[in-house]
Amino acid sequence: MAEQADPGTTNYSMAELMAVAMARALEAEDGNLGGVGAAAVVPMAAARLAVLTVAPNLWWFCGGASGLNPTFDNLPRSSADPKAAVGSTGKKNMLDVVDMGATGKWDWGFNGGLQIDKFGNINMIGIGPHDKLKLRGPGTVGTIWTGTLKRPYLYSMHHAPRILVDRVDYISGPGWLDGGTSRADVIGRDTLGPQLLFTPICVLDFTEDAHQLRLKSVHPGYDKDAVIANTGCELVVPDKVPETPPPTEQELFVLRNHVDRDGVLKDVRATVG
Amino acid sequence: MAEQADPGTTNYSMAELMAVAMARALEAEDGNLGGVGAAAVVPMAAARLAVLTVAPNLWWFCGGASGLNPTFDNLPRSSADPKAAVGSTGKKNMLDVVDMGATGKWDWGFNGGLQIDKFGNINMIGIGPHDKLKLRGPGTVGTIWTGTLKRPYLYSMHHAPRILVDRVDYISGPGWLDGGTSRADVIGRDTLGPQLLFTPICVLDFTEDAHQLRLKSVHPGYDKDAVIANTGCELVVPDKVPETPPPTEQELFVLRNHVDRDGVLKDVRATVG
Amino acid sequence: MAGNQDKVVSLDQAGAMIAARKILSLAGSHSVNSPMALIRAAIRAGASALSIIPPVTTSIASDLLIAAGAVDTFYLCYIGFETLGFAPAFRAAAEAGTLNVIEGDEPFVMLGTRAAAGGYPFIPVNKGVYEGTDLPRLNPMLKKVTDPFTGEEVYAIPALPADVCILHAQAADAQGNAQFWGGNNQELDKAMAADCVIISTERLISVDATRRDVERVNIPGHMVDAVVHVPYGAHPTASPEFYGTDEAHLKTYFDAVRGGNRDDYLDRFVTGPADHEAYLGEVGLSAMFELQKNA
Amino acid sequence: MAGNQDKVVSLDQAGAMIAARKILSLAGSHSVNSPMALIRAAIRAGASALSIIPPVTTSIASDLLIAAGAVDTFYLCYIGFETLGFAPAFRAAAEAGTLNVIEGDEPFVMLGTRAAAGGYPFIPVNKGVYEGTDLPRLNPMLKKVTDPFTGEEVYAIPALPADVCILHAQAADAQGNAQFWGGNNQELDKAMAADCVIISTERLISVDATRRDVERVNIPGHMVDAVVHVPYGAHPTASPEFYGTDEAHLKTYFDAVRGGNRDDYLDRFVTGPADHEAYLGEVGLSAMFELQKNA
């Protein structure tokens with residue numbers, strides 16, 4: 001059964017660690033436009049932190065409240081909270097958000113899933129036969145845009161064999177599909193599949209040609225074996241896997257004083273197993 | 001050659017007379033929603049005057065400036081002038097205006113044409129063969145919505161044989177088409193064809209079954225014969241045709257003090273012949 | 001519905017108007033600006049066998065209707081209770097097979113609504129949108145159409161018209177001119193796509209007040225059939241600039257439904273209270289005032 | 001074009017960007033908010049063989065480009081000079097057969113733009129829209145398509161993407177976040193339907209000023225490629241809250257082109273002045289200030 005993920009220290013929470021790791025990855029997107037959706041408190045924190053640290057020119061859209069580049073320093077629990085739009089430089093209509101999905105104008109975005117498979121495909125639909133789902137998922141929301149996003153990023157607040165599976169029951173968000181050239185063949189060559197996957201215990205990427213899930217770094221307090229034991233799919237595990245560098249003092253300072261003054265990330269639930 | 005229309009008195013201008021006549025007609029539309037488009041200074045004045053006299057619950061959309069139910073008392077020369085939206089209770093996007101055309105949600109509207117024929121069809125396209133137009137018209141704008149408007153109204157600032165023709169060269173705004181049941185047959189029974197046509201010398205309506213142009217009243221200073229002489233199509237002319245009642249003192253007071261304080265309607269050009 | 005200059009009705013009247021219709025469209029986003037008082041009124045008025053077209057993300061607004069047994073068919077894009085978990089009534093009904101779920105998504109709901117708003121019979125989408133996904137297989141309402149300009153086959157999303165659209169506004173006047181503060185502007189298309197539009201509002205303002213601040217008007221009154229003045233009418237969801245989401249109340253609901261005590265919740269908060277004022281009494285006015293701090 | 005945080009370019013640079021492209025989209029309405037300084041710059045930069053997709057009503061913005069010989073193809077909805085009469089250069093070129101006119105209309109231009117903005121290959125329209133009119137016969141870009149949901153044949157309007165969209169804003173910041181005061185909101189879809197978006201602005205404001213008044217932002221900067229600071233950049237058309245339409249100047253233009261003296265006008269106001277400041281000198285600053293009274 002799932003247990004609360006342990007960041008291996010009392011210096012920061014697991015959600016804080018994940019937000020920091022995700023923020024760092026956004027350095028590669030500086031100047032590019034992306035977004036976070038519903039139920040996305042950690043990606044929201046990551047985008048705001050990235051702007052204040054490694055990606056000052058990041059453009060980001062904040063879900064339901066619809067703000068572009070908000071400057072909140074009290075992280076809301078929901079992107080739909082109007083306070084998530086504080087200090088925005090613009091507001092987007094939901095229709096425009098969809099239009100930009102359909103026209104492939106989003107550079108990056110964070111998405112999660114009920115299930116994520118070894119090629120980074122996402123399932124938000126459910127588990128079991130569709131006419132009699134064993135687990136009825138919450139619906140696909142914007143996961144379909146992983147097919148048109150130039151570079152999708154994935155995350156899951158839970159790392160468990162039931163979530164990281166060999167093959168998703170349904171593809172609501174296309175990843176690298178069957179790996180290899182399959183995504184390029186089916187969707188076209190304008191977009192890439194998932195770049196990274198963040199979980200409570202590690203960061204994963206995808207191999208260069210097969211586009212298969214590969215362990216990239218393990219969070220403090222966990223090791224390779226813990227990752228393998230809690231993963232339901234085949235995993236490429238290099239001989240040497242570095243530790244995810246823990247949040248620096250500066251990152252924690254900015255996170256707690258300019259992103260999340262209320263400490264919302266202290267009690268966001270993240271689980272293992 | 002066309003000459004300036006003479007209102008038969010120095011008490012009011014021809015454009016003022018037309019605005020008053022058109023405003024009176026809007027009594028039948030009290031509570032209903034309609035609009036005026038581009039180059040529509042007289043319909044704008046008429047709608048505003050109607051609200052202040054006979055149709056207090058009229059809903060009307062004012063063209064390019066996009067205001068609903070504006071309360072200007074300085075009539076602008078153009079509906080695109082931002083001052084045309086003064087005091088509005090709402091603004092409409094152009095897309096919504098089109099959507100409402102396509103879904104048949106406009107109750108009434110005023111439209112004009114390069115040519116108007118005996119069944120109230122409108123041509124804004126031009127005169128002559130389409131690949132070599134003798135007169136290139138300004139384009140159809142919203143005249144196409146006469147097909148979905150519940151009750152179109154027509155007007156022309158010019159009354160001449162070249163304008164009121166037997167058959168328009170092109171239909172950009174469908175009227176009663178070929179008369180009789182043809183409009184109902186082709187477009188459906190949800191909308192009616194044109195109700196009235198206002199010109200500088202008369203008001204016309206359409207016969208009940210054939211839906212053919214019929215003289216309804218002649219403006220002061222003109223008579224039946226003048227109308228017939230300046231009309232290029234067959235016209236149903238009843239034995240007795242009343243005079244259009246001239247503007248009352250109260251109508252002129254409201255028009256000049258609450259609709260058109262700058263006297264824009266004093267020099268709007270209206271011609272005969 | 002332009003004509004009437006005074007569209008104000010009582011909450012009970014609005015509930016009966018909703019209950020008389022079958023396809024119900026909602027806006028709001030997640031746990032913000034949901035027309036909760038209208039929903040409770042519709043349940044009290046006996047709404048049943050509804051088809052729900054929700055906004056792209058929905059929470060208690062839809063789940064409560066399902067919990068009350070008022071829903072047959074649900075056009076799904078996303079339903080959930082964020083950090084609390086899956087929508088409990090939705091999940092139970094879907095897994096039990098008592099709810100017909102249309103497996104929709106953002107383009108399906110947004111463009112189906114846009115098509116209905118604009119009178120397009122359908123909207124064809126870019127080739128890339130559904131490639132590589134299982135959606136076309138799972139959603140029989142998606143069909144292929146041949147693009148007459150290129151000869152290519154593309155997916156078509158049908159227009160999704162509604163019988164009635166219910167919305168919660170921050171301010172509206174008696175003509176129905178309504179302001180929605182915050183959110184992502186799904187309201188206008190939702191209203192245009194519906195035969196009947198009913199608006200609950202925090203503040204009922206004068207038409208002159210509307211004219212003073214016309215740039216804030218999101219829906220012009222000619223599209224609106226009824227206006228209900230319901231302060232705190234979005235509770236337990238948030239009303240921007242008035243009050244924040246009542247997280248504790250959401251948890252009360254969530255725990256009750258997941259714990260098999262949905263009737264207790266319905267009795268106490270939906271069917272039990274005689275009117276909206278009684279509901280607020282049950283919630284507690286001091287709790288309501290406390291939520292204002294978090295607006 | 002999100003990346004760059006400073007998109008400010010000179011008017012000459014913007015003119016060259018426009019002149020390097022072929023399908024030009026304009027917003028503004030009639031003689032309000034036309035990007036006239038950009039248009040003059042594009043003519044000076046040698047713009048030629050353009051296809052113009054105008055707003056639903058256009059006036060001197062399009063007619064001047066035609067007068068300058070820069071236009072091959074014109075997507076017509078409505079062009080005119082209101083009380084002055086027909087657009088003189090358009091009419092002469094169309095009647096002489098030197099201008100390819102696409103016989104469009106409101107649904108064609110608006111929905112073609114919407115389709116391009118949203119990535120729909122086309123938009124099918126309600127059956128009633130074109131019935132009884134000659135438009136389908138005169139506009140070969142309208143095609144029939146079979147509605148896969150009903151089997152009925154309906155008309156389809158193709159997406160009308162543009163290479164470049166030029167707009168005049170009342171305020172914009174260096175990131176391209178732009179405000180359009182007044183008008184009927186054709187700008188956003190126009191911008192989304194274009195590969196490149198260039199905005200001239202009355203006021204160049206700080207990003208902090210944008211944040212202070214975000215509800216006025218109509219186009220977010222990530223859609224914008226270049227911003228040009230051009231006070232009086234809409235002259236002789238109006239700039240809402242800054243100045244009214246210069247009716248006398250429109251008549252000067254109208255009389256010159258209709259009277260066969262278009263080159264005199266072009267020399268004096270378009271190709272002659274060394275820059276925008278020289279243009280304003282030719283118009284006369286006191287005349288400009290006078291127009292402010294009519295804003």
Side-chain angles (χ1 to χ4, degrees), chain A residues 37-39 41 63-66 77-83 85 91-99 101-104 121 123-126 130-145 147-148 169-175 177 182-183 186-188 190-191 267-269, chain C residues 28-33 55-59 76-83 86-87 90-95 97 99 101 103-111 113-114 125-135 137-138 181-186 188-189 238 240-241 244-245 247 294-295:
Chain A
V41 63
S66 209
R77 282 178 195 273
S78 163
S79 68
D81 188 328
K83 295 189 294 299
K91 302 283 283 289
K92 287 185 86 66
N93 296 331
M94 192 62 215
L95 184 64
D96 309 340
V97 173
V98 169
D99 289 345
T103 52
N121 300 301
N123 171 20
M124 291 281 277
I125 290 170
H130 195 250
D131 57 357
K132 196 149 183 49
L133 289 169
K134 206 169 58 181
L135 170 63
R136 171 64 254 190
T140 69
V141 232
T143 52
I144 199 157
W145 307 125
T148 58
D169 283 30
Y170 303 97
I171 296 182
S172 70
L177 296 181
S182 59
R183 180 179 169 110
V186 170
I187 303 182
D190 297 339
T191 78
D267 61 9
V268 170
R269 198 171 132 82
Chain C
S29 202
H30 231 101
S31 51
V32 175
N33 246 1
V56 296
T57 66
T58 187
S59 183
L76 177 62
C77 179
Y78 180 85
I79 182 168
F81 278 65
E82 301 204 269
T83 47
F86 295 118
F90 164 77
R91 188 179 162 189
E95 292 175 6
L99 182 69
V101 178
E103 196 74 64
D105 51 53
E106 276 188 11
F108 182 75
V109 170
M110 291 297 299
L111 302 184
T113 300
R114 172 96 284 275
V125 292
N126 236 355
K127 211 164 150 39
V129 173
Y130 283 111
E131 300 301 323
T133 79
D134 285 312
L135 271 305
R137 186 168 65 77
L138 301 178
W181 304 350
N184 53 22
N185 272 313
Q186 295 174 64
L188 181 62
D189 274 4
E241 299 183 40
T245 303
E247 308 274 357
N294 200 32

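Each chain gets a letter, A, B and so on, in the order its sequence line appears, and its residues count up from 1.
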> Using a cut-off of under 4.5 Å for heavy-atom pairs, which of A:Pro82, A:Ser182, A:Gly101 has the most such pairs with chain C?
Replying inline: A:Pro82
> Between A:Lys132, A:Lys134, A:Arg77, A:Lys91, which shows the greatest number of heavy-atom pairs under 4.5 Å with chain C?
Replying inline: A:Lys134
Side chain / backbone / both / neither for [X] at chain A, heavy atoms under 4.5 Å:
X        : value
C:Glu103 : side chain
C:Asn126 : side chain
C:Thr57  : side chain
C:Glu247 : side chain
C:Val109 : neither
C:Asn33  : neither
C:Ala295 : backbone

Between [X] and chain C, which part of the residue has a heavy atom less than 4.5 Å away: side chain, backbone, both or neither?
X       : value
A:Leu95 : both
A:Lys92 : backbone
A:Ala85 : neither
A:Ser78 : both

> Who wins among C:Gly132, C:Gly182, C:Ser31, C:Pro240 for the most heavy-atom pairs under 4.5 Å with chain A?
Replying inline: C:Gly132
> For the candidates C:Leu188, C:Val32, C:Leu138, which exhibits the highest count of non-hydrogen atom pairs separated by less than 4.5 Å from chain A?
Replying inline: C:Leu138
Indicate the atoms forming the closest heavy-atom contact of [X] with [Y], along with that distance.
X        : Y        : result
A:Ala80  : C:Ser29  : CB-O, 3.8 Å
A:Gly139 : C:Tyr78  : O-CD1, 3.8 Å
A:Gly64  : C:Asn184 : O-ND2, 3.6 Å
C:Gly183 : A:Ser66  : O-CB, 3.4 Å

Side chains of [X] and [Y]: closer than 4.5 Å at any heavy-atom pair?
X        : Y        : answer
C:Asn294 : A:Lys83  : yes
C:Val56  : A:Met94  : yes
C:Phe90  : A:Pro138 : no
C:Leu76  : A:Met124 : no

> Could you walk me through whether A:Tyr170 and C:Leu135 pass the side chain to side chain contact (heavy atoms under 4.5 Å, CB included) check?
Replying inline: CA-CA 9 Å; A:Tyr170 303 97; C:Leu135 271 305; over 6 Å; no
> Where do A:Arg136 and C:Val101 land on the side chain to side chain contact (heavy atoms under 4.5 Å, CB included) test, with the steps shown first?
Replying inline: CA-CA 10 Å; A:Arg136 171 64 254 190; C:Val101 178; 3.7 Å; yes
> Would C:Arg91 and A:Leu135 satisfy side chain to side chain contact (heavy atoms under 4.5 Å, CB included), going step by step from the backbone distance to the final call?
Replying inline: CA-CA 8 Å; C:Arg91 188 179 162 189; A:Leu135 170 63; 2.9 Å; yes
